[in-house]
Every structure is written in structure tokens, then in C-alpha cells.
Amino acid sequence: MGVVFPSIPAIEQELQRFPAAVTEEFQRARQRLEPGMTTDDLLAWGSMGVSLAQQTIRSWEVAAEYYRVSSSVLDDLPMDRFLSWAQHGETLCNQSPPVALAYFRVGRDATSMLTTEQLGAWAQMGLGLYKGTWKSSIMAARFFETSPAMLQALSFAQVGRLVGLLDTVTQQSSDLALDCLSLAAETLPRVPESSEALLNLLAAVSAKSWRDTKGSLEGASKALPKVSREHRARFLSLAEKVAASDHGSVAAFMQEASQALSQIPPEAQPALLSMSEVILAKRPTLLTDFFRSGPMVLSRLRDGQAETWFVEGLKLLEENPDAGVAFFKLESSRSEELMESLSSTVELPRIKDLLRMYCRALAGTTVEIASSKDLAQKGIGWVDETEPTTEGKTVFLPPIVDRHQQKDENFEWYKVVSTHQVAHLEFESFGFLYDEPSVSFRDLRPKLTPKRRKKMGLAANQPQEAAQDGQAEQEWLTDAQKFFDLFPERRIALDIFTVLEDGRLDTRVKREYAGLRKAYGRVQQDTIALRPLEEGQAAQEMLIEFLLRLSLGQRMKLIIPAKYEAEARKMARVARRVFKMGTQVEDTAEGTLRVYAILAQIPNERVPQDEQAEYDDNAEQDSDQESEGESQEFLEQLMASQDQEPGEEQEKEQQESQEGQSPDQQPYSSPKDVDYRGSFKPELVQLLNKLREGQQPQGEQQTQQIDRTQLQEMLQNNVELEAAKGDIKSSALFANNLMREAGMSQSPNMPAMGQGPFVHTDDEGGPLEAREPNTFVYDEWDFRAGDYKPRWCLVREKVVPEGESTFWRQTIAAYGPLLGQIRRQFEMMVPESFRRMKRQPDGDDFDLDATLEAMIDKRSGVTPSDKVYWRRNKIQRDVAVALLLDMSASTAEAIDESTRGQDDWDGPNDPAEYMAWLRARRGEGARRQHKRIIDIEKESTVLLMQALSLLDDKFGIYGFSGYGRENVEFSVIKDMNEPLTETVRRRMDRITPMHATRMGPAIRHATRKLELTDAKTKVLLLLSDGRPQDRGYSREGVEKEYAVHDTKRALTEARSKAITPFCLTVDKAGHDYLKTMCQDMGYEVLADIWTLPERLPYLYRRLTV
Amino acid sequence: MSTVKTADVKEIRLEEYVIRTEPYYLPQGDEISLFEVAYHEKLPVLLKGPTGVGKTRFVEYMSWRLGKTLTTAKPKEKADRDNDGHVGIPLLTVACHEDMTASDLVGRYLIEEEGTRWIDGPLTRAVRYGGICYLDEVVEARKDTTVLIHPLTDHRRILAMEKRGTIMEAHEGFLMVISYNPGYQTALKDLKQSTRQRFIALEFDFPPKEIEAKVVAHESGVDSETAWQLAKLGEKVRNLREHGLQEGASTRLLIYAGKLILRGVSPRRACKVAIVDALTDDAQAQRSVQEVVTSIFE
Ligand SMILES: Nc1ncnc2c1ncn2[C@@H]1O[C@H](COP(=O)(O)OP(=O)(O)O)[C@@H](O)[C@H]1O
Ligand SMILES: [Mg+2]
């Protein structure tokens, strides 16, 4: 500090030299300070400001700031410490007024958190950051600005470390350092518990590469909030190891790792972290992939199980790194199988085929199995994505079940649920007929008349169409709709119907399937146990719940409203009649009428606790038949209830509540769905079935087509859609979806709700699923891992469209003489199979030579041979052949070019470039009017097919090409059991070069075709022009090998299925890779492609004897 | 050469082809009366249907039943009579296979000390002495057998014995019955129109559950509850024809399972060996069918 002025006026006078703001601040502070200060102190304080102001031109700002904050700083600090604080400021100001400004500005916020020694050190840190440049002054200023927040989160020593770090970075780039400081100031206070670890990490990062400091900080600031608090330190120390390991960026690591951690529950996070630690130590490059698969593994497997899986993977990693990598990426069958065997979870895709067959057996119809999610996405009224249900054709099941600790219990649950759902089909819930008599009731339905109630809105909108609509509606009314039209309160009627029908099915299933009884009972018990006793139920609701529990088999401690015990008893009796042996859905309907009649008498009032009673159902003996009187009573009650229009009732209710007559009367709400039963929609399913029937050709003339508006109107009062309505909003869209589901044409401008079939198209990605018809998935062999990649390729089978018949005719004409020759050769194959076999022990007739010998032997006393007959050769031709034609783009090459011996391997590797390259070559070919490889392939095939008509052999002609593993195109020209028709001949014309070549899946698919064919001799003949080549075949660099190995594997698989594979290639350069591929299998390289038309039939004959 | 010396050659006498006790047969429809008419009108009969639905049993039953009203095959000894005091007409069953030739049906020469001797095949025997010749799974036979079948199944009713250069007229009581399973025939092994149009066709299919349960109970001896469950299993498994299984479980297999159960094998196990594994080798299909089994049986 410079001079201490002798008096306040002296100071005031000196301050006059600076802008007025300084004096203002001085005066304001002085007024506050003067009363509590000695004159000396006051003068020392005032003089300090002057000294600050005098330092440089701009330092008056610093002085003003000094005066502004000093009174609050002095609240905290004694004068001597205050002065040393000010002096530090003065030193700073001397260097850079902006820095000093920032220093003073944080004032008390900082000083209150620092000791005397720290105060000096702190100022020193700021000073240290200032290197005399403008940028560094910003840096130092920012340091002071952010100090209060950082001091809150960090210890003083940690702040020091941070500054040290920043200092290192500043030396390289001050911009970067500045960003780091801002990020640190922002991040650290949010994660105070992790500050030490984060600093360690930053130290490690900046020691390695100062450039990454910012990225890491950024990464941390995004990642840390996703990691649960208690595991953050561990997470950061792992990141630190990554930083030290030279593998990948810390930022990327943090992003991936935190993403992974956020996908699993906190209690599973330590497991993932420790696994990652091990992986980092063993094979750091795998870490990224592991973060992709890890969460999935940990969410499927429990702790110990996951460890077993992990240890197995480590072992593999040691024995065979490639296999280990595939294992951890979940791109290996071994890994999947192990996980599957460890996991108690059952996933629908794994048991879908099994359940499909099971359900088909039970139902006797072609039931499909699908995930409930698929149904919800169709937007046709079902909304729950996990509830099981059926829409009459498909049984929908939750995609995954993990209810029990044991896998087989989870499977059992699936089985029980499927059995219940399929029971709707087996015992014909949807076959309800209004006029069909019931088994155990005196039918009331014939005595009642359904009333179609229109909702006001729609009818009013379209008055002119009303009459016509009415007629169409009559025609389209389903039996279930007619039935539910009997009830003013459809919702209640539907709930009763659902409970009774599900109960009927459950008792039926348990009776018919003794083996399932126990498991079924367990599922029901669990359901009852998990069903909450709802608070505040009203009388009707309570009684429906009572009925529902009865249907689940609960007999004791049922809760009912005390004053309706008699009614409950009656309901139980009705239910027992419905659940009797041999009843039908019509009994459910009759039961519904009766229960409804009972409930209609009861106001839906709250039942307070003390008015509830427990009810034990002691299975009183019912008389077998309902008495006349009983049914009469129900009828009268029903008629009475039917007379009320729902509108009226609501009004009435309103009135009543207004008048206060029945204050407790509540609107009725449905019981909670039973988990294993799901939501049952009889009306909707009958309608859907009817729509589907209308699509059958024979149905068309009987039922007139319904249009969307009519359908929409019919759906107006369908209560089964209530849950969906909110979602679907417009019932027009809904009607549209429904029509689409039934396979009807809809108006084109209506977008369909929900998603169509979706196929995963990621080259990396995981296993695929065959969702669409005529698609098939196959494993692919990964030679490095020595394991299959499960469900890796998706084959799409399609029939080749018809072209012109001229191609076939012209080929036959062009090859006239050759064809004659081939035919003769083939004709000779027929008699071959009837060769006489001599010297047989048994046969058609005596073999003259053998008989003579036998006679002579006999005469000369030798025991004669008894082989004296001849018989026809018992070998009968029984041959099936699949011919696989390469339809890849490379077959478009003109033949001259290929004979030049150019190696295809030289083509660009990038698929897009490769295609362009090929197009260029193809263009040349076309100009020269040369034949292309594919032309010769086609012609040869035509000749072969023509010759084959002489034999009884089964043969299929297929083409293959594709792009990517999710698009392997398998074109059917002639299927194995298809006759050689004109259509087939026309298809030959349309064979053209397409895309890339992924041979493995095509071979596997052809193998499957052969497997499904019954023959003694089976041959798979592969005709190709070159190597297998496709996009995304494995990791770069080893594609060629990978492709060749997978192809070879596919051929080996075929052979293990008693199929003879044979590769014929027209690629001269192909010899080498064919050797690897076919080692011990048949192969041939055609040196001269022009010989193919002769060679192919020749090979055919050779292979099939 | 044409004289048969019954004394020194082991030759099965026709009587041994005669059914002496009433076979158990539960009719599914009017097949019994139709067959009787066919026999009297000398109309060849084709039995169509999957394996194990009772075609063979039906023919056996008919041959026994027809014996009641016929006098062609006379009982020789007391022992041959059953309680009713009658025996059936002869039944010669030939299971056809792809190696079977015309000689296997007509007969052949055997070498003897002093030359050769002719021995009748089963078809010749039935033609010669009267009786039913039943060619089971006829499409399995080679095509040259049709040469024999044709003249026997039209108005001529003759058997050409090429080897001997003779032609034999069929006996009054001769009837040709063939069976054929349209289910798994491939186009190659279909029955030719020229052949099938010589027969009246009786279609057999798996009987309804009620009848099948009775058959199973009777044949295996299990109680009616178990028989009912087996019949139900049969019904369910047959739903899988064309949906993963080539054929449904035959009544015969259900009976096998019943027999195992009666002998103390647990029902689930019995069904596994007698039905599930017998039906298919496909692991997936086996598992599905086994799930049906475990649903039905405890
Ligand atoms: N309608 C039936 N009455 C009595 N037994 C039957 C009946 N149908 C089938 N069987 C039983 O099934 C078994 C198999 O029948 P079988 O006649 O050999 O079948 P197929 O000749 O049609 O292959 C028989 O041994 C018999 O026990
Ligand atoms: Mg048989």
C-alpha cells in the first residue's frame, strides 16, 4: 500500500481524480463502516482504495469494487487480515486490473471459506494462472469467480491440484484451459463425492495427453449423473485406468460405460464394473463391445449366474481370443446357450415354435403365437403390451417371463397361459350363437329381444345414410353383439360374461388336462394371492370381484356386502351351473343374463368395512336342473332392467344424486384384469372373424361388404374398446386398422396405426428374427471364434416372376444337337436301374448258368449253391437335386473378360464402389454384345431341366444373391415338388444378376429344402462364378477368409445331413479358394465356360448314380 | 411237375390262413355291410386311410364274418371251430414292398432232386381255392404287379401265370382287397387311375374319440379313463398332421402306450416311447408333442 492519508477529506480529494463511481462507493461504504471503526483503521481502509485506483488507468474500477465489497468482508475478517486480503488484491491489480476486479468481486463468498494462510495461497494461485497475456487474465479472473463454488465442493488442497492441472493445460492452450475451468466449476459442485477421483482421473489424462482433459471433463459431467452415487468413485477409477492404458478415449469410455450402467439397476452396477475392470486388464479393446452386451446379460442373469457366464468367457478369451471376443459380444451360440441355461428367465422367441405346435395340437386350427406387443401395435383394440390374450387366430403372450426363480416354473407359466388362451379356441368361446340352446339352463335368450342402441352423435351426422346403414348393420351383426345388445349396461354384462367364460374354460381345462391341473392351480393361487383387496369398492364391484375369485377357485374368505348374502349365494349357484361338465359358451351367456339380473337390483353403493362379510362357498348341492320358478324370476328382473335406457339411467342417477336420495351411488368400474387371462373381447373377435370370413372367396356372395363408416358405427357402443379409445382417438382410424387386420382393402388415404413388420438392419447389431412370411434365419460360422453367430442371416425366399417364354424356346433351338446328345445320355440312365442281377438266392426266375452249375454239382456229389435265381436290380432311382445358381452382380461380366484371367479379388472392397466397378465392366460387355456368365448359366440350366423331364428325379432350381446379412435373396425358379410347367419355363427368363454373394445362408436354405424332401440320394449342386462376397462380412481384413470358411461350413453341414454337395465354378482364378472351401468335397473349376452346357448335365448324371 | 406233393414239402395249408376266433372290430360306419355286398357281388375293394386305423383288422374281421355265411371253406376238424361252430374264409395277406415282384405273388419253381417243382404264391392260392387276397400298402409294390391285378379285378377274373404258361380262372369265393395310404404318397408312388378305378373304395380315418377310446380300452386292457385320455392325446396329436408331423399317432400306437401303462410304466413315459419318439425324430416336434402328453397325463 502506498501512503496512508492523514484524513478522510484528503482521501476524498484524491478520489476526485477518478470517475464519480469510486467516490460514490467510498462514501456508501464509509457510512456503514465509520461507526464501528477506529480512525486509523478507517484511514488505512480508505487509503488502500486510493492506492488501488492509482495503479493504472483502469484500476479505478478495482478500487470501486474494493470499496463496494469491503464492508461485507470486514464482517468476517479482523482488520489485519482484511488488510492482507486487500494487499493481495493490490498485487494482483498491479499485474492485471481485470483479475483483481474478479478477486475483489467474489469478496466475502470466498474469504469466508479460507483461513489466513489459505487466503494468501489462494490469491497466489490466481496470480500464478496469469501469464501476462490477455487470455490468461480471463483465466485467472474466471478462477476467482468460480472459487466460491469450488471451495464448496473441494478441499483447498484439491483446488490447488485443479489449478496445477489447469496450469499444465494453459501452457499448451489457454482456450482449452479456460473451457476446462468452466467445466470443472460446473461439474464438480454437482458431484462433490467424486471430486478426488475426478481429479485423479484428470491428472492421469492430462499427464498422457493434455488435449483430452476437456473431453474427459465433459464426459464426466454427462456420465456421472447416470451412475448411481455410491459407484461413481469406482467408475472414475476405472476411467483412470482406461486413461493409463492407451486404449480409446476416456470420454468415449465414460459415455459407453455410463450408458451401460444406466440400463441396469444400481445393485447390479458393481458387477458390471468389476467385470469391466477385468476386461480392461485382459483385453481393453473389448470394453466398448462389452458395455453393449453387458447390461443385457446382467438384466437376464442373477448375480452368481452372471459370474459363471463371465468366467466362462474369460476362459475362452484365453484359449481362443476370437472366440472370447465373440462370446462377450454375444455373437456366439456358446455364449447364448450358456446364458440361456443359466438364466431362469424364459423368453418367448425361444419357445415360440414349441408353443405354436402345442397350441395347434390343442386347438386343432393353425394358431399362431406372437408377442402381446405386436397386438398392441396393431391398434385394433388391445392396448396392453404384456397381457396374454387372443384375437381368434393368434395367441399373444408376454415377450418375457421372469416370475419365478426356476426356469421350468417360468416355462410352466407360459404353458398354463397358452393353454388358457387356446382354450378359447378349443372350447369355442368365439363360436357363440345367439340361438344355440345352453346345456344347463332354461334358456332366456329366446324370450328377450335385443335392442340396438345408437349413440346420438354419429347417427345425427349422417342422416341420409342411416336407413342403408341399418340394413348393413343387421347383416353384419354378430351373435355376440346381438347378445350384448340385451343389456342397458354393456360394461357390466361384458365383465360378467368374461368372468364366467374364463371360469368355464379354467374348470374345463383342469378337468380335461389332468397333467396340467397342478400347475394351473398354482398359477391361479398366485393370482389370488397377488390380487389386492381393493379399498372402497361399491356393492356391484364387490360382487363381481366375488364372482371372479370364485372362478379362480377361491372358496373361503370371500368378501361380500353383508346385506347381499342371499344374492351372492344365488350368483355362486349360477356360476356353478356354468362351470359344470360339458357346458358351452351359451351357458356362459345364460349365466351372464342371470348374474346381470341379480346385480341390476343392487345399487352400486359404497360398502363400508363394517358392512362387509366373509363368505365361504361350501359347495352346496345344487339340483341339476334350474327350476322353472328360478328362471322365471330372472326373466322378470331382466325385463324390468331392460326397460331403462342407459341415457335415462344416467339422467336418473344424476337427478338422484342431486336430490341426495342416493349419495353413495357410484359409477361402476371394472375389476382388475386377471394376469394370466388377459383381456377377453368376444364381441370384437366375432366381428373380426366375420370380417375375415367375408374375405374368403366363397363368403363374398353371402355377406355384403361392409364399409368403414358402417363398421365405425357398429363399433360405437362396443365397450371392449374403452381402454383403447384414448389411444386411438378416432374410431375411423380404428375401423381402418381392423379392416386391415382382416385383410380387407381400406381407403388409401388412411394411414394405418402401428408399425408394419420391422427388420433389424444393422451390420453390427445382433441376431435377427424371421418375422415376415417366407423369411428364415440361419446361423453363420465365425471361423476365428470357432463358433456360430446365432441367427445371423435372414434369408428371404421369393418366387421369380414370370418372363417371356421365348428365352426357353430359343435356348432349346440354339442347342438342338447338344440337347439331343444329352437326352440320349439321360435315357440310358433309366434302363440302368433295371439291370438283371444274377446268382441270387431268390428271384424272378432261374438263372440258367447258375442252375446248370447247381445241377452238375449235385450230380457230382458237391453241395450245390442255392443262388440259382436272377432278379431285377433293386436299385430304383430315388434322387432329389437342388441346383443353386449364383445370381450375384458379378455374373454380369462378359465372358471374354473373365477368360482374360482377371482376378475378382482385385475389385474394390467397398460394396458401393464394387457395384460401380462392375457396372462399368458390365457396360463394356454389353457394348461388345458378348454373352455374360449368367447367360451361360441360364442356358445350361434350361438344357438340364429339359433333359431331366426324362427322369423321375425331384429337382429344385434356385437362385441366390443379396446384400447384407439381413437380405439374403433366395429366388425360387422351380421348387422341389413343383412340376416343370410353362410358368417355370417363363421364370427362367427373368433370372438376372442382382447384388452380392453370401453363399452360406443360401446353401443352408437349399439344404433345408433337401431335408424336407424324401429321397435316397440328395445332391446340392452349387453353380457360381466366383467367391462369396458380401457387405459386412465380419471385421475388415478377414472378410475373404470369413466368407470362404462360412461357405465351407455350410457345405459340411449339408454333407452331415446325407446330402452330396458339389461346387462347379466358372471362375478361373477360383481354384485356390475352392480348395479351402471344398477340401474333401466335390468341386470342379471349368476352364472354359463354353463347356458348361455339356458339363452340367454330365456332372448331374455322375453325381446322382 | 405240377402235382403238389404235400407229404414231403413244408407247405402251409390253406386252412392255416383261416381265422378261427372272432376278431374284435368296432365299426365306424356302414363298412361291414358294404364289404359283404362287395364280396357277394365280386367287387374288388380298396381300403383307403392312414396307417393303424384298423384296415387290416377290418379285413380279418370280414374274413371271419363272411365265413359264417359261406360254405366254400369247410371246417375239417373240431378244433378249427370256434364257439359258433364256424371258421372264416381264407385270408391271404401280403405286405407289399418295393422289392416285391410278380413271382412273390404268383409263385415260383423250386429245385428238387429230380428237377423243379412249382409252388403257388399267396395270390395264386387265393385264386385257386377262394378267399380274400389282401395286398397291404399296394403302392409300395413294383409296377409289374399291376399286370397281375388288372385281369383279376375286372369281369375276366383270371390270373395269368406267365412262368407256367397257363391262365387260372378265379374261384367263386375269391376277392381282391388292397389298401393304400393317400397321406404320405408322393407323386411317384400314387395309385394309377387305371388301377384304382377297378375297386370300390372304403375310406378309413382315425375313429372319433368315443370309438377310439373303446378300441384302446379293449385292445390294451387299460381302464376307460386312461383309454379316454389316450384317445384325446391321439386326437390332439393328429391336429399336427401337416403342422410339424407327417402322420398323426395311429390307434395302434395308442394301444401300445396303453399296454405299457397297464404293465406299470408311468403314463408320461409310456407315451414318450410309444407315441412321441415313435412318431418323429425331430427334437422340436418331440418336445411339443411331449408337452401335450404332460398336459393330459399326470
Ligand atoms: N375299428 C377298430 N376296431 C377294433 N380295433 C381297431 C379298430 N381300429 C383300430 N384298431 C386297432 O388298431 C390296431 C391297428 O390297426 P390295423 O388294422 O393294423 O391298421 P391298418 O391296417 O389300418 O394299418 C389294430 O391292431 C387294432 O387293435
Ligand atoms: Mg396294416
Side-chain angles (χ1 to χ4, degrees), chain A residues 351 353-367 411-412 414-416 418-419 422 426 509 512-520 834 842-846 850-851 854-855 858 864-866 868-869 871-878 880 952-954 977 979 1011-1015, chain B residues 97-104 106 108-116 142-144 162-163 184-189 225-226 228-229 232-233 235-246 248-249 267-268 271 280 282-298:
Chain A
I351 53 162
D353 292 343
L354 176 70
L355 287 180
R356 183 190 296 118
M357 260 183 101
Y358 172 78
C359 288
R360 284 183 178 181
L362 261 51
T365 56
T366 47
V367 189
F411 174 74
E412 202 173 73
Y414 260 128
K415 191 174 167 187
V416 167
S418 326
T419 310
V422 91
E426 190 180 0
V509 168
E512 299 252 347
Y513 295 100
L516 203 58
R517 216 172 277 159
K518 276 201 199 104
Y520 214 101
F834 289 107
D842 190 11
D844 294 353
D845 210 340
F846 287 125
T851 313
M855 290 299 196
K858 214 165 172 335
S865 161
D866 56 354
V868 292
Y869 297 93
R871 66 180 307 148
R872 288 180 211 280
N873 182 353
K874 57 174 163 182
I875 298 165
Q876 203 169 12
R877 258 187 97 79
D878 188 8
D952 269 338
D953 294 2
K954 289 159 226 168
N977 45 16
E1011 267 189 292
L1012 293 173
T1013 309
D1014 179 32
Chain B
H97 53 90
E98 54 193 52
D99 289 343
M100 199 187 67
T101 61
S103 312
D104 294 330
V106 179
R108 56 170 52 92
Y109 285 106
L110 291 176
I111 293 186
E112 288 216 310
E113 307 238 351
E114 299 301 319
T116 56
R142 293 173 83 108
K143 285 174 191 134
D144 57 350
E162 205 191 330
K163 297 264 177 55
Y184 60 67
Q185 309 303 333
T186 58
L188 276 179
K189 284 182 176 171
E225 170 70 14
T226 311
W228 179 262
Q229 286 173 321
K232 179 155 54 195
L233 177 61
E235 181 193 69
K236 298 302 176 198
V237 170
R238 282 164 207 152
N239 284 337
L240 293 176
R241 268 195 278 183
E242 313 289 312
H243 296 296
L245 293 182
Q246 262 190 342
R268 286 183 176 186
C271 291
T280 172
D282 181 86
Q284 172 79 58
Q286 283 181 348
R287 197 157 165 220
S288 300
V289 179
Q290 186 63 25
E291 290 300 340
V292 179
V293 171
T294 55
S295 280
I296 294 178
F297 291 97
E298 270 181 278

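Chain letters run A, B, ... following the sequence lines, proteins first and then strands; every chain starts at 1. Everything quoted here is computed from the prediction, not taken from an experiment. We use all heavy atoms of the structure for the numbers below, so side chains are in, but hydrogens, waters and symmetry mates are not.
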What part of [X] gets closer than 4.5 Å to chain B, counting heavy atoms only: side chain, backbone, both or neither?
| X | value |
| --- | --- |
| V868(A) | side chain |
| A519(A) | neither |
| Y869(A) | side chain |

Run the side-chain contact (heavy atoms from CB on, under 4.5 Å) test against S103(B) and tell me which residues pass, sequence neighbours left out.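 By the side-chain contact (heavy atoms from CB on, under 4.5 Å) rule, S103(B) matches D844(A), T101(B), R108(B), K163(B).
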By side-chain contact (heavy atoms from CB on, under 4.5 Å) - contacts of R287(B) (at least two apart):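 Per chain and number, R287(B) pairs via side-chain contact (heavy atoms from CB on, under 4.5 Å) with L354(A), F411(A), E291(B).
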Sub-4.5 Å side-chain heavy-atom contact between K236(B) and E426(A):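 Result yes, sub-4.5 Å side-chain heavy-atom pair found.
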To the nearest 0.5 Å, what is the distance between CD on E512(A) and OG on S295(B)?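 It comes to 12.0 Å.
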Under a 4.5 Å cutoff for heavy-atom pairs, which residue among L362(A), D866(A), L355(A) has the most contacts with chain B?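 Result: the option with the highest number of such pairs is L362(A).
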Between K858(A), R360(A), K415(A), which residue shows the highest count of heavy-atom pairs closer than 4.5 Å to chain B?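 Heavy-atom pair counts peak at K415(A).
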Shortest non-hydrogen separation from N239(B) to A363(A) and the atoms involved: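 Minimum heavy-atom separation between N239(B) and A363(A): ND2-C, 4.2 Å.
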Can you name the closest pair of heavy atoms from A514(A) and E298(B) and give their distance?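 Closest heavy-atom pair between A514(A) and E298(B): O-CG, 3.3 Å.
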For [X], which atoms come within 4.5 Å of any heavy atom of chain A: side chain, backbone, both, or neither?
| X | answer |
| --- | --- |
| R238(B) | neither |
| A102(B) | neither |
| Q229(B) | side chain |

